[in-house]
2 protein chains.
Amino acid sequence: MNTVSPELVYPEAPRRARGRPRKTADERDDGNRRVELVHAAARLFRRKGFDGTSTRDIATAVGMHSGSPFYHFKSKGALLHAVMDEGMRSAILRQTLALQGAAQARPDAAALLHVLIRSHFDVLLGPGSDFISVMLYESRSITAKQRSALAQLQGDYEAVWEPVLQTLHKQGRLQCPVKLARLLIFGALNWSVQWFDAKKGASLDELADAAMALFIGEAPPVPARRVRS
Amino acid sequence: MNTVSPELVYPEAPRRARGRPRKTADERDDGNRRVELVHAAARLFRRKGFDGTSTRDIATAVGMHSGSPFYHFKSKGALLHAVMDEGMRSAILRQTLALQGAAQARPDAAALLHVLIRSHFDVLLGPGSDFISVMLYESRSITAKQRSALAQLQGDYEAVWEPVLQTLHKQGRLQCPVKLARLLIFGALNWSVQWFDAKKGASLDELADAAMALFIGEAPPVPARRVRS
DNA sequence: CCTACCGATCGGTAGG
DNA sequence: CCTACCGATCGGTAGG
């Protein structure tokens with residue numbers, strides 16, 4: 001019922017071209033807003049679920065108004081995918097760094113598994129864990145196309161474990177079939193998101209040691225280098 | 001805009017007292033409708049999540065109209081709790097039966113663990129698995145009061161594992177601290193809901209054997225009795 | 001258990 | 001990025 005002409009209500013509309021932000025000085029600002037949105041989405045999707053979070057919740061969390069997230073993302077689903085993609089890339093990066101950090105000690109297979117497990121706990125439970133939690137527990141809500149794009153990254157992440165488990169299996173230190181071992185091990189680790197409490201109970205180092213004891217049944221031969229958390 | 005009086009539109013309203021179904025011949029029918037609703041809710045909550053399922057979805061699945069589920073349940077949340085409660089009670093029953101079935105073979109701790117694991121896979125992946133899946137993956141959506149009621153049942157279910165793991169730990173067959181071992185083992189098993197495909201890959205028996213090999217590192221001394229699935 | 005409905009909220013969009 | 005808005009859908013209820 002607003003009969004006032006738009007010009008009077010909004011007399012000083014910015015002259016910026018619509019739909020295409022400038023690529024010069026303020027490009028960084030736009031990027032930061034995008035990152036802020038993904039961060040807020042990760043936290044809310046984790047706490048309340050994808051379907052339980054409204055785009056208004058996300059907008060409010062970064063100080064925007066209800067329609068503004070759609071300036072940065074074309075849909076709520078695109079935001080979810082951005083969260084998951086960030087989670088997987090971060091996980092792969094940390095895993096790579098952890099392996100590089102351990103390489104000079106010439107670790108055997110058991111020590112490598114320890115490094116992978118410790119890094120995985122860091123990804124799951126350390127800072128930034130919202131992203132990978134959403135990746136793991138909200139996969140129902142992504143489209144088939146998004147799912148296959150993420151499956152590629154998941155494949156990269158998991159591929160690193162394969163030769164390590166193969167070696168342990170051949171050595172007789174892992175009696176479980178390798179394919180099932182990987183699935184069961186990931187389950188044991190991923191489930192920690194449900195019960196881990198940083199303020200009490202075991203540390204991430206203790207968790208990794210316990211997992212090694214459970215799966216391999218012996219302490220790792222090389223005292224594992226601690227991952228910064 | 002309907003100006004026709006209700007009496008003309010709905011001239012033959014049943015005389016049944018409102019809000020209190022008769023407790024005689026048709027009591028069983030009412031119970032069946034309730035059970036149907038819980039069943040449909042379990043299937044839909046599992047496939048689409050609690051927040052992704054509307055009460056209309058559930059009503060349609062059992063051939064009711066949109067408002068009718070609220071004749072049987074006072075809220076959507078009450079339906080969720082009913083699903084979870086049924087899931088836990090069924091799990092406890094199956095676990096009890098599995099242990100009773102194995103008792104006459106005088107199983108040692110490793111054989112008992114095998115029975116527990118096999119029964120747990122049956123609960124997670126066999127018929128009726130929707131209930132426990134919802135219990136495991138939709139816990140975010142229940143109220144604090146409901147949560148504590150379910151925690152009691154979960155405690156009962158988990159308590160059975162404790163002495164078994166304790167014994168294995170003392171025997172040196174489980175080197176992981178018992179408390180963490182239970183959490184990690186449950187994770188390994190519960191995660192199978194995410195990847196298990198009944199139509200390909202391992203059977204539930206093979207899964208249980210693989211899990212035993214991973215956690216204990218040896219075949220169970222007593223050939224395990226198969227759980228009916 | 002159906003009918004008819006309500007207030008609230010949701011994802012998303014046009015226009016500036 | 002805000003304003004103003006839309007159509008759709010949601011959980012739940014009164015009354016019979």
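Residue numbers start from 1 in every chain, and the chains themselves are labelled A, B, ... in the order their sequence lines are given, proteins ahead of strands.
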To the nearest Å, give me how far apart CG (A/Asp51) and P (D/dT9) are. 15 Å

Just N and O in the side chain of A/Ser54: are any of them under 4.0 Å from OP1 or OP2 of C/dT9? no

Under-4.0 Å salt bridge between A/Arg140 and B/Glu138: yes

C/dG12 C1' sits how many Å from A/Ile58 CD1, rounded? 13 Å

Can you identify which nucleotide, out of D/dC1, C/dC2, C/dG11, has its nearest atom closest to the B/Met64 side chain? C/dC2

In whole angstrom, what separates A/Leu44's CG from C/dC10's P? 12 Å

Applied to residues 151-160 of chain B, the side chain to side chain donor-acceptor pair (under 3.5 Å) test, sequence neighbours excluded, yields B/His120-B/Tyr157, B/Glu158-B/Arg182

May I have the distance from A/Tyr71 (atom OH) to C/dG16 (atom P), rounded to whole angstrom? 17 Å

Run the salt-bridge test on A/Arg47 and A/Asp130 with the 4.0 Å N-O cut-off and return the result as yes or no. no

NE2 of B/His65 versus P of D/dC10: gap in Å, rounded? 16 Å

Strand DNA chain D in bracket notation, Watson-Crick/G-U under 3.5 Å with | for pairs to another chain: ||||||||||||||||

Is it true that A/Glu206 and A/Arg118 make a salt bridge, defined as a side-chain N closer than 4.0 Å to a carboxylate O? no

Salt bridge present between B/Glu36 and B/Arg33 (N-O < 4.0 angstrom): yes

Decide yes or no for A/Leu180 and B/Leu214: does some side-chain heavy atom of the first lie under 4.5 Å from some side-chain heavy atom of the second? no

Between D/dT13 atom P and B/His72 atom NE2, what is the distance in whole Å? 15 Å

Partner of B/Phe186 by ring-ring contact (aromatic ring centres under 6.0 Å, His included), out of B/Phe121, B/Trp191, B/Phe215, B/Trp161: B/Trp161

In whole angstrom, what separates B/Lys74's NZ from D/dA14's C1'? 19 Å

Integer-rounded Å distance: D/dT3 P and A/Phe70 CZ: 17 Å

Hey, which sits more toward the 5' end of DNA chain D by its nearest nucleotide, A/Arg56 or A/Ser68? A/Ser68

